[in-house]
There are 2 protein chains.
Amino acid sequence: MDELDRRILDILRRDARTPNTEIAAEVGTSEGTVRNRVERLVDEGVIERFTIATRTGNLKAMVEVTVAVDVDTNDVSELMAEWKDVDFVWQVSGEEDIVLVVDAADTRAVNDLITRAREHDDVKSTKTRLILDERIS
Amino acid sequence: MDELDRRILDILRRDARTPNTEIAAEVGTSEGTVRNRVERLVDEGVIERFTIATRTGNLKAMVEVTVAVDVDTNDVSELMAEWKDVDFVWQVSGEEDIVLVVDAADTRAVNDLITRAREHDDVKSTKTRLILDERIS
DNA sequence: AGCCGAGTTACGAAATTCGTAATCGGTAAG
DNA sequence: CTTACCGATTACGAATTTCGTAACTCGGCT
């Protein structure tokens, strides 16, 4: 993981469809080197996967979840990651334990999700923030 | 946004490098149709961008920022989106106003960022959560 | 029936990716 | 100092994919 790797990653984060040839030109090396390095980064797990960021609905939200003290947050996270409309599940430090990043069709879908969370036995409380605006660097 | 679109999105979410030809074969249509639809989905903003999910070994964090009441949060967001290590800037509802999603090399880099935020005149307070674990759906 | 328009298909050209062999640069051993 | 070696890089032709564009299909509408 040297400077060249980081520059390649930055470009791919911005647009994962950038051709190797174009990346190579930008960072000043050859297509083959970019190809080798990207392949290595995938093998090493630095690049977990190539994916798309979607906004299928109109509403994004963060749902901050507090679970009971005797609960394994890993298990709860794993479960919630499978839920519909959930993009990310973060285990976080601080007052709450888990943050869900949600992309839903409407407020009802968000509400369904919160309801589902609150109905879970291990969940003590939830706090929801609507994401009113998003900027990507 | 019909069933075909959704199937294409599912495939791209799993692997955004899947060739259109392969997607076409999988969903039972032609390369051109997949190409047209992906292009439309990008235009409509359903696909926000093609990107990579990385596990750099870096430190991820959420920095929740409260700004003064008489401040335009749009301006502050725009500014912070340019800061190094900041992946997302969200304007959110709730107690705090802005949430920064940060991916930094180490705790010092995160601390620098928090310091920079706190030194900003319009920022009243910050609250930081480390992201200890991330799951992607 | 005839027409229109959005979506789909077809196909040759351009660009990209891929496989592989040659080359380079650094380093440890003789 | 030379040689051998190894991983990384480069070079290049072949295979594959993407791209531009024109033809086609199939509803709905008059």
Side-chain angles (χ1 to χ4, degrees), chain A residues 1-60 84-85 87 103-106 109 134 136-137, chain B residues 1-59 84-85 87 103-106 109 136-137:
Chain A
M1 265 291 278
D2 57 7
E3 184 56 27
L4 185 53
D5 283 344
R6 266 186 288 274
R7 289 181 65 191
I8 293 171
L9 288 175
D10 280 344
I11 293 168
L12 289 177
R13 255 192 286 268
R14 212 175 318 124
D15 180 5
R17 286 191 301 184
T18 313
N20 291 337
T21 48
E22 197 176 318
I23 298 173
E26 197 160 332
V27 303
T29 183
S30 68
E31 180 270 333
T33 296
V34 173
R35 176 152 42 107
N36 288 338
R37 284 179 173 245
V38 170
E39 190 183 342
R40 179 172 51 72
L41 289 168
V42 170
D43 286 344
E44 290 174 356
V46 175
I47 297 176
E48 286 179 318
R49 57 174 177 170
F50 288 74
T51 187
I52 51 175
T54 56
R55 176 184 284 262
T56 52
N58 291 325
L59 197 59
K60 285 202 177 190
K84 189 173 173 321
D85 298 337
D87 280 359
D103 178 8
D106 46 41
E134 178 178 70
I136 304 171
S137 353
Chain B
M1 265 289 279
D2 57 8
E3 184 56 28
L4 185 53
D5 282 345
R6 267 185 288 274
R7 290 181 64 192
I8 292 172
L9 288 175
D10 279 345
I11 292 169
L12 288 176
R13 254 191 286 268
R14 209 173 327 120
D15 180 7
R17 286 190 302 183
T18 312
N20 292 337
T21 47
E22 197 176 318
I23 298 173
E26 197 160 332
V27 303
T29 183
S30 68
E31 180 271 333
T33 296
V34 173
R35 175 151 45 106
N36 288 339
R37 284 180 173 244
V38 170
E39 189 181 343
R40 180 174 49 73
L41 289 168
V42 170
D43 286 344
E44 290 174 356
V46 175
I47 296 176
E48 287 179 325
R49 57 173 179 166
F50 288 73
T51 186
I52 51 174
T54 54
R55 183 181 296 175
T56 52
N58 283 359
L59 195 59
K84 188 172 174 319
D85 298 336
D87 281 359
D103 180 6
D106 47 41
I136 307 171
S137 350

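Residue numbering restarts at 1 for every chain, and letters A, B, ... go by the order of the sequence lines.
Looking at residues two or more places apart in sequence or on another chain, you find no salt bridge (charged side-chain N to carboxylate O under 4.0 Å, His left out) involving Asp85(A). For Arg14(A), there are no salt bridge (charged side-chain N to carboxylate O under 4.0 Å, His left out) partners, not counting sequence neighbours. By the salt bridge (charged side-chain N to carboxylate O under 4.0 Å, His left out) test, Glu48(A) is found to be paired with Arg55(B), residues two or more places apart in sequence or in another chain being considered. For the side-chain hydrogen bond (donor to acceptor under 3.5 Å, both in side chains) test, no residue two or more places apart in sequence or in another chain qualifies with Asp43(A). Contacts of Asp10(A) classified as salt bridge (charged side-chain N to carboxylate O under 4.0 Å, His left out), with partners at least two apart in sequence or in another chain: Arg13(A). By the side-chain hydrogen bond (donor to acceptor under 3.5 Å, both in side chains) test, Thr18(B) is found to be paired with no residue, residues two or more places apart in sequence or in another chain being considered. Asp87(A) meets the side chain to side chain contact (heavy atoms under 4.5 Å, CB included) test with Asp103(A); sequence neighbours excluded. Evaluation of the side-chain hydrogen bond (donor to acceptor under 3.5 Å, both in side chains) rule for Glu44(B) yields Arg40(B) as partners, not counting sequence neighbours. With sequence neighbours left out, the side-chain hydrogen bond (donor to acceptor under 3.5 Å, both in side chains) criterion links Ser30(B) to Thr33(B).
Listed nucleotides: dT17(D), dA10(C), dC12(D). Nearest to the side chain of Arg35(A): dC12(D).
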Going through the checks in order, is the side-chain contact (heavy atoms from CB on, under 4.5 Å) test met by Thr54(B) and Leu12(A)?
CA-CA 10 Å; Thr54(B) 54; Leu12(A) 289 177; over 6 Å; no
Can you tabulate the close N/O pairs, meaning under 3.5 Å, that link protein atoms to atoms of nucleotides 23-26 of chain D?
none

Considering only nitrogen or oxygen atoms on both sides, find all protein atoms under 3.5 Å from nucleotides 7-9 of chain C and state each distance.
unit_1 : atom_1 : unit_2   : atom_2 : d
dT8(C) : OP1    : Arg37(B) : NE     : 3.4
dT8(C) : OP1    : Arg37(B) : NH2    : 2.7
dT8(C) : OP2    : Arg37(B) : NE     : 3.1
dT9(C) : OP2    : Thr29(B) : OG1    : 2.6
dT9(C) : OP2    : Ser30(B) : N      : 3.2
dT9(C) : OP2    : Ser30(B) : OG     : 3.0
dT9(C) : OP2    : Thr33(B) : OG1    : 2.8

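Between Glu39(A) atom CD and dT20(C) atom C1' the separation is 13 Å, expressed in whole Å.
For DNA chain C, the residues of residues 7-20 of chain A within the heavy-atom distance limit of 4.0 Å (strictly under) are Pro19(A), Asn20(A), sorted by number.
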